[in-house]
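Heads up, the thing below is written out as structure tokens.
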Number of protein chains: 2
Amino acid sequence: MPEERTHKVSCTNYTYELEVGFEILSGKWIPLILAHLADGPHRFGQLRRLMPDVTKKMLTQQLRNLEKYSIVHREVYPQVPPVVEYSLTPIGQKLVPILHHVSDWSHEYLQLRDQLGLN
Amino acid sequence: MPEERTHKVSCTNYTYELEVGFEILSGKWIPLILAHLADGPHRFGQLRRLMPDVTKKMLTQQLRNLEKYSIVHREVYPQVPPVVEYSLTPIGQKLVPILHHVSDWSHEYLQLRDQLGLN
DNA sequence: CAGTATCCTTGTTGATACTG
DNA sequence: CAGTATCAACAAGGATACTG
């Protein structure tokens with residue numbers, strides 16, 4: 001149980017930080033990429049096989065964004081053919097519990113909708 | 001401390017639920033709207049004043065989406081002029097801790113970037 | 001293997017004017 | 001007050017071909 005918040009949730013810092021977080025997390029494949037990297041470091045080709053619907057272009061683009069934000073580390077082993085390994089940075093690791101919470105919430109949400117016979 | 005997960009995070013159900021959650025949360029003004037509704041029910045005009053950068057069209061559109069997903073309840077009081085009040089549903093309430101976590105994470109993230117002198 | 005480059009389609013957001 | 005309707009602008013994503 002987290003400690004009670006005494007300030008209104010919509011104070012300026014709070015909403016600014018909220019938007020920062022969601023901006024980093026926004027992107028069609030970002031949560032999926034993070035979920036896979038949460039299992040450990042992966043090579044580019046491994047990620048591609050885990051996410052067959054994502055084109056190389058999009059996978060590269062979103063990984064580069066995550067790298068720019070220091071969420072993901074990109075390690076290049078200069079070999080021929082090249083080997084590139086992606087992994088979560090320490091601050092990236094700290095996003096993982098949030099992914100769990102979202103997944104848990106969705107689970108409950110989907111169950112509720114089933115119960116009510118919606119959709 | 002949440003209990004240890006024994007399954008790989010990227011198993012099918014997990015990733016599906018992850019995407020459901022993030023789909024509901026996606027939309028430029030969604031987190032902000034939810035943050036304000038977390039403080040209690042608000043009328044349309046109140047929300048507008050709290051979010052002056054959001055056009056009426058976008059505010060309506062995103063509120064209607066949240067209503068469609070049963071995250072938000074829309075109560076119309078048939079008066080002239082009309083009064084419409086928006087509030088979080090029970091399952092919508094359960095999203096609030098996730099917003100807190102994202103904001104907390106961002107706070108830590110921004111501090112770290114400051115420390116490292118990045119950006 | 002791990003990308004880039006280019007072009008194109010689609011989805012999202014915004015500006016503005018109008019309404020019960 | 002709480003919206004709609006219409007159109008325009010822009011951003012995000014995808015298909016395909018090429019490369020060190």
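Order of the sequence lines fixes the chain letters, A, B, ..., with proteins taken first and strands second; residue numbering starts at 1 for each chain.
In this entry dA2(D) has dT19(C) as its Watson-Crick or G-U wobble partner, both defining distances falling under 3.5 Å. Base pairing annotation: dA11(D) forms a Watson-Crick or G-U wobble pair with dT10(C), both donor-acceptor distances under 3.5 Å.
Listed pair Tyr86(A) / dG3(C) meets the phosphate criterion, a side-chain N or O lying under 4.0 Å from OP1 or OP2. The phosphate of dG3(C) has neither OP1 nor OP2 within less than 4.0 Å of any side-chain N or O from Arg43(A). Close to dA2(C), at under 4.0 Å from its OP1 or OP2, lies no side-chain N or O of Lys57(A). Look at Arg64(B) and you'll find a side-chain N or O under 4.0 angstrom from OP1 or OP2 of dG3(D). One finds a side-chain N or O of Arg74(B) lying less than 4.0 angstrom from the OP1 or OP2 phosphate oxygen of dG3(D). The phosphate of dC1(D) (OP1 or OP2) has no side-chain N or O of Gln46(B) nearer than 4.0 angstrom.
A donor-acceptor distance shorter than 3.5 angstrom exists from the side chain of Tyr109(A) to the backbone of Tyr69(B), with no hydrogens or angles considered. Between the side chain of Trp29(A) and the backbone N or O of Leu63(A) there is no donor-acceptor pair closer than 3.5 Å.
Within the 4.0 angstrom heavy-atom criterion, only backbone atoms of the sugar-phosphate kind lie near Lys28(B); the bases stay farther away.
Between Tyr14(A) and His107(B), the ring center distance fails the sub-6.0 Å criterion.
With rounding to whole Å, Met58(B) atom CE is found 13 Å from dT4(D) atom P.
Between dG3(C), dG3(D), dA15(D), one nucleotide has an atom nearer to the side chain of Thr60(A) than all others, and that is dG3(C). With distances taken from any side-chain atom of Gln62(A) to the nucleotides dT13(C), dG14(D), dG13(D), the minimum falls on dG13(D). With dG3(D), dA15(D), dG20(D) as the choices, the nucleotide that has an atom nearest any side-chain atom of Pro82(A) turns out to be dG20(D).
If you run side chain to side chain contact (heavy atoms under 4.5 Å, CB included) between Phe22(A) and each of Leu32(B), Ile30(B), Leu99(B), only Leu99(B) comes through.
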